[in-house]
Protein chains: 2
Amino acid sequence: MATIRDVAKLAKVSTATVSRVINRNGYVNEGTKKRVKDAIEQLNYLPNDVARSLFKGRSKMIALFVPDITNPFFPEMARAVEDVTNRHDYTFVLCNTDNDIAKQIDYLNALQQKSVDGFIIVSSSMTEEHLQHIQVPIVALDRIISPDISSVTVNNRGGSRQAVQYLKSIGCTRIAHIAGPEHVNNAVYRMQGYLDEVNNADWFTEDYIIPGKYNFDAARDAAVKLLNTHSEVDGIFVGNDLMGAGVLNAAVSVGRKVPDDLAVIGFDGIAIGETITPTLTTMAQPIYDIGAKAAEMLIKQINSQEPAVMNEEFTVQLVERQSTL
Amino acid sequence: MATIRDVAKLAKVSTATVSRVINRNGYVNEGTKKRVKDAIEQLNYLPNDVARSLFKGRSKMIALFVPDITNPFFPEMARAVEDVTNRHDYTFVLCNTDNDIAKQIDYLNALQQKSVDGFIIVSSSMTEEHLQHIQVPIVALDRIISPDISSVTVNNRGGSRQAVQYLKSIGCTRIAHIAGPEHVNNAVYRMQGYLDEVNNADWFTEDYIIPGKYNFDAARDAAVKLLNTHSEVDGIFVGNDLMGAGVLNAAVSVGRKVPDDLAVIGFDGIAIGETITPTLTTMAQPIYDIGAKAAEMLIKQINSQEPAVMNEEFTVQLVERQSTL
DNA sequence: TTGTAGGCGTTATCAA
DNA sequence: TTGATAACGCCTACAA
């Protein structure tokens with residue numbers, strides 16, 4: 001690989017001049033500029049980013065922490081983050097954390113050693129404490145970490161209320177909820193939204209809230225149990241779409257017809273919802289948009305000296321499909 | 001951030017000694033070693049990886065190119081690559097290429113500037129030419145790039161033959177094929193495997209091969225058309241599972257019962273196949289394993305001076321589910 | 001067993 | 001308008 005010195009020698013100038021040409025700063029005569037450009041071309045020279053990073057203390061890299069990229073909710077978000085970071089000439093580093101604290105700390109350290117410029121973090125295990133020694137900007141995505149850390153989220157509680165209202169509006173009279181993990185704050189908000197709508201109903205019982213784990217299998221098992229013990233249930237608001245698919249599967253296996261005997265609505269708006277049969281009605285998040293927003297927010301913070309805390313809340317939207325129609 | 005000099009000063013030794021302690025090489029007295037370690041602890045010192053990279057010309061980073069991480073086939077592969085690279089203390093960089101040549105070249109350049117240590121590439125648009133100037137090891141994954149570049153793949157043609165044989169064995173007598181894009185070599189192999197089994201059948205016609213694009217929508221539309229024009233078709237071998245889901249959807253919409261009227265088998269073994277109704281029979285690739293193997297192969301090549309070309313072919317396995325039972 | 005010093009490739013400051 | 005040079009933080013001959 002050619003270095004700046006090779007270019008300088010070939011163009012018969014100093015490295016300083018080459019640097020000026022590359023970075024478009026400082027004065028440089030048109031003639032010499034051309035000589036330098038020719039030399040760069042001829043040698044196929046590309047500046048060494050590592051040396052640059054060392055000098056500047058910044059690497060033009062951004063990291064995204066997600067619990068697990070094989071969970072279909074995250075790829076689209078990751079995609080958005082990558083697209084935006086690329087557009088701003090950043091390199092994108094993806095980290096699967098499994099929500100494991102030790103793993104997250106390892107990543108934080110390893111990436112700081114590489115002078116990463118900022119972090120976008122989806123985590124329900126990380127707290128402000130773990131992050132207090134981080135010197136670069138951080139944006140919490142999908143799940144709030146602390147009031148002092150910028151965040152991009154959706155109206156989980158309001159959206160959930162809307163989901164339950166919708167089930168009522170299409171005639172459901174006994175509505176249950178398959179909930180996400182209680183240590184994930186958006187799962188708690190979604191359950192609260194459900195409770196807002198049903199808590200005062202005379203038919204409501206705690207039995208109608210079943211814990212799922214935001215995954216397919218647990219939700220299917222939970223739904224089978226629910227439907228067998230509570231045959232009066234005619235609507236289910238499910239904490240996320242992956243679990244919604246599990247519920248639809250359970251309905252088939254216990255012989256309940258969807259949507260005739262049972263209406264099901266999920267949350268998230270992942271693509272799978274459109275590929276299953278019946279297709280799944282859902283409160284759709286603008287997944288790509290929130291990922292993109294987080295990336296833009298982070299880059300803004302990186303480029304500004306005084307990084308103010310910003311919080312952005314997006315709105316989810318009802319998407320009606322076969323599971324309720 | 002503390003530097004090696006701060007540590008040296010605090011421990012009252014030279015930076016060379018600190019370096020020796022950190023890297024466990026060269027002799028260093030037990031007493032001074034302890035002093036150094038204490039100083040490191042006290043200052044919370046972590047070596048600057050950028051400086052290291054500059055000196056060594058290597059960054060301990062590995063990049064994975066995939067067409068699009070939102071395609072559910074890739075996350076599990078990416079996950080495997082990340083797990084293995086982490087285990088070897090490499091940092092993982094994910095790149096979505098959309099199979100766009102310009103984008104891939106941009107990534108190659110950007111990452112070379114960062115002294116990336118190696119590439120794992122899933123691409124059907126890249127050729128040997130594009131890669132000839134790359135100085136670090138490369139492993140082609142899922143799709144072969146050239147005989148001179150190491151690869152990890154599966155027995156696409158053999159697996160496809162097996163799929164068609166299976167359909168025959170359960171009684172199908174008119175078997176069609178929804179094919180992947182013709183510029184993707186594994187899609188071509190899969191079609192060839194299909195042809196191997198049906199080409200000589202008296203009932204076979206070219207009409208039974210319909211082009212899909214490895215995605216849901218195109219496959220659904222293709223299947224609707226096929227089933228409407230060729231009602232005699234009683235079995236479909238689909239080029240991948242995502243298209244398989246589309247075919248199942250199409251079957252419902254044209255009123256064909258699966259598996260009674262129509263048997264469907266896919267290829268890949270992605271998780272979606274188990275969540276849809278009916279569940280999808282498939283020729284399952286060991287997706288995680290091939291990703292992990294590619295990563296191990298690449299790391300081996302990075303660590304060896306004489307990088308021999310290696311080719312590994314995994315075997316796909318029939319997974320019977322409701323779409324054929 | 002330890003220290004000195006040069007260099008990895010850039011950038012930015014200061015002179016010229 | 002250009003050049004010489006000192007960093008950035010680390011590692012490794014070579015000396016001591």
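B:Y45 has its OH atom 10 Å from the P atom of D:dG9, to the nearest Å. When rounded to the nearest whole Å, the span between NZ of B:K9 and P of D:dC10 equals 13 Å. Summarising the geometry, the separation between CG on A:L54 and C1' on D:dC11 is reported as 13 Å, rounded to the nearest angstrom. If you measure from atom NZ of A:K114 to atom P of D:dC10, you get 13 Å, rounded to the nearest angstrom. Rounded to an integer number of Å, the gap from OH of B:Y27 to C1' of D:dA16 is 17 Å. In this structure, B:N23 atom CG and D:dT12 atom P are separated by 6 Å, rounded to whole Å. As a whole-Å value, the separation of B:I4 CD1 from D:dC11 C1' is 8 Å.
Side-chain contact of A:E312 with A:T153: a donor-acceptor pair under 3.5 Å is absent, judged by distance alone. There is no side-chain donor-acceptor pair under 3.5 Å between A:S53 and A:D49. Of the N and O atoms on the side chains of B:Q104 and B:S125, at least one donor lies less than 3.5 Å from an acceptor on the other residue. Using modelled atom types, one finds a donor on one side chain and an acceptor on the other under 3.5 Å when comparing A:Y214 with A:N186. Side-chain N/O atoms of B:D68 and B:T70 include a donor and acceptor closer than 3.5 Å.
The side chain of B:R5 places no N or O atom within less than 4.0 Å of a non-bridging phosphate oxygen (OP1 or OP2) of D:dC10.
A:I149 is listed as a side-chain neighbour of A:S146, based on a closest heavy-atom distance under 4.5 Å. Inter-residue side-chain proximity for B:T91 and B:T85 is flagged as unmet; no heavy-atom pair is nearer than 4.5 Å.
Contact annotation for B:T32: backbone-only contact, meaning every heavy-atom pair under 4.0 Å involves sugar-phosphate atoms and none involves a base. At a threshold of 4.0 angstrom between heavy atoms, the contacts of A:D49 with the nucleic acid are absent.
Only B:V13, B:S14, B:A16, B:T17, B:R20, listed by number, bring a heavy atom of residues 12-22 of chain B to less than 4.0 angstrom from any atom of DNA chain C.
Of all nucleotides in DNA chain C having an atom under 4.0 Å from a heavy atom of chain B, the first and last in 5' to 3' order are C:dT1 to C:dG9.
A salt bridge is absent between B:K60 and B:D89: the closest approach of a Lys/Arg side-chain nitrogen to an acidic carboxylate oxygen does not fall below 4.0 angstrom.
Checking B:N29 against A:P47, the closest nucleotide of DNA chain C that is more toward the 5' end is the one next to B:N29.
Partners of A:R143 by salt bridge (Lys or Arg N to Asp or Glu O under 4.0 Å), not counting sequence neighbours: none found.
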